[in-house]
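This report concerns only the one structure given below.
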Amino acid sequence: MRAVPIQADLTDRDSLAALMARVGEEFGGLDILVNNAGVLPVAERAERLGWDAWDATFGLNLSAPWYLACRAKELMGERGGVIVNNASTAAYFPSRGLVAYNVSKSALIMLTRVLALEWARAGVRVVGVAPGKIETDLVQPILRWTEKHQLPVNPQGRIGADHEVADLVAFLVSDRAAYLTGITVPIDGGELLTAGSEPGR
């Protein structure tokens with residue numbers, strides 16, 4: 001097995017194109033794409049959000065995965081492959097101050113479904129994961145806010161580990177999941193079971 005580190009700016013169209021061209025040059029094709037990059041912007045009410053902030057969030061959370069998926073399908077060729085999009089439980093319920101994040105992640109789930117439908121006969125499976133509160137740098141602001149307001153994390157009462165999400169992705173790209181496409185799997189300790197309910201209920 002050979003690994004090749006390639007630096008890319010996923011908010012830049014030319015950089016995205018160069019990334020996929022390099023993948024083709026180095027490996028001659030592609031079997032698996034995991035769209036894992038994303039941004040959680042600083043909380044801001046919808047009416048105060050500027051165009052640049054909106055575009056930046058959608059660029060990384062939605063436009064880049066769309067473009068990379070399309071180029072990945074080309075590299076997969078007739079043998080097909082698997083594409084995994086990293087969404088969020090925030091796609092399923094609104095959060096004050098995170099309109100661009102919520103909407104971009106909801107749209108990513110729909111992108112997953114549309115691409116799965118269009119590419120099923122080409123042998124390309126497109127699936128997603130929707131992590132809840134996972135112990136990562138990206139989620140730290142949310143964890144601090146949850147602790148400050150003494151809110152329950154989720155029914156399991158714990159934060160998820162990054163390797164738990166990685167294990168789910170490993171299953172989804174494996175042959176054991178060959179009959180799965182178009183779905184997005186929440187991995188959230190049961191958070192979505194209580195989304196929208198009053199704290200403590």
Side-chain angles (χ1 to χ4, degrees), residues 8-16 34-70 83-115 126-162 164-165 168-169 182-201:
D9 179 356
L10 300 191
T11 66
D12 181 81
R13 296 179 185 182
D14 291 337
S15 185
L16 286 168
V34 180
N35 281 314
N36 190 50
V39 60
L40 177 64
V42 175
E44 185 67 87
R45 292 281 185 157
E47 70 274 15
R48 299 172 186 166
L49 194 66
W51 276 109
D52 289 345
W54 177 271
D55 288 345
T57 300
F58 271 78
L60 189 54
N61 289 357
L62 183 63
S63 299
W66 158 74
Y67 178 84
L68 292 173
C70 292
I83 297 168
V84 182
N85 292 322
N86 193 344
S88 168
T89 52
Y92 297 98
F93 58 89
S95 307
R96 290 185 179 89
L98 294 179
V99 59
Y101 184 76
N102 288 143
V103 176
S104 66
K105 290 298 186 178
S106 293
L108 184 60
I109 290 176
M110 181 53 72
L111 176 69
T112 299
R113 297 180 67 188
V114 173
L115 297 184
V126 188
V127 294
V129 295
K133 295 177 177 66
I134 308 297
E135 190 63 52
T136 63
D137 292 340
L138 185 72
V139 182
Q140 288 306 310
I142 294 177
L143 296 179
R144 288 194 294 269
W145 187 88
T146 300
E147 183 177 351
K148 175 182 177 181
H149 294 278
Q150 297 182 323
L151 297 175
V153 175
N154 54 46
Q156 285 192 348
R158 71 176 180 89
I159 306 301
D162 53 5
E164 293 177 297
V165 180
L168 174 59
V169 171
I183 64 166
T184 295
V185 183
I187 176 167
D188 64 353
E191 180 181 354
L192 289 178
L193 299 174
T194 57
S197 65
E198 295 180 18
R201 288 194 177 184

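All of these numbers come straight from a predicted model, not from anything done at the bench.
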Check the pair I83 / N35 against side-chain contact (heavy atoms from CB on, under 4.5 Å), numbers first and verdict last.
-> CA-CA 8 Å; I83 297 168; N35 281 314; 4.2 Å; yes
Begin from the C-alpha positions of N61 and L108 and carry the test side-chain contact (heavy atoms from CB on, under 4.5 Å) through to its verdict.
-> CA-CA 7 Å; N61 289 357; L108 184 60; 6.0 Å; no
Test log, rule side-chain contact (heavy atoms from CB on, under 4.5 Å), inputs V169 and V129 = CA-CA 7 Å; V169 171; V129 295; 4.1 Å; yes
Y92/T184 under side-chain contact (heavy atoms from CB on, under 4.5 Å): CA gap, chis, key distance, verdict | CA-CA 11 Å; Y92 297 98; T184 295; 3.8 Å; yes
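To the nearest 0.5 Å, the span separating CG on L168 from CD1 on I187 amounts to 5.0 Å. Atom CD1 of residue I109 and atom CG of residue L62 lie 11.5 Å apart, to the nearest 0.5 angstrom. With values rounded to the nearest 0.5 angstrom, L192 atom CG is found 10.0 Å from N154 atom CG. One distance of note links CG of L40 with CG of L60; it measures 11.5 Å at 0.5 Å rounding. Remark: R113 CZ to I183 CD1 distance equals 11.5 Å, nearest 0.5 Å.
What you find for L115 and A69 is that their closest heavy atoms are CD1-CB, 3.8 Å. The two atoms that bring S106 and A91 nearest to each other are OG-O, 2.6 Å, heavy atoms only. The nearest pair of heavy atoms linking E191 to V153 is CG-O, 4.4 Å. Closest non-hydrogen pair, P155 versus T194, comes out as CG-CG2, 4.0 Å. Residues F58 and S104 approach most closely at CZ-N, 3.7 Å, considering heavy atoms. Listed here is the closest heavy atom pair of I134 and A161: CG2-C, 3.8 Å.
The backbone N or O of S95 lies less than 3.5 Å from a partner atom in the side chain of N102, making a donor-acceptor pair.
With hydrogens and angles left out, the side-chain atoms of N85 and T112 include a donor and acceptor closer than 3.5 Å.
Residues passing the ring-ring contact (aromatic ring centres under 6.0 Å, His included) test with Y67: none are found, sequence neighbours excluded.
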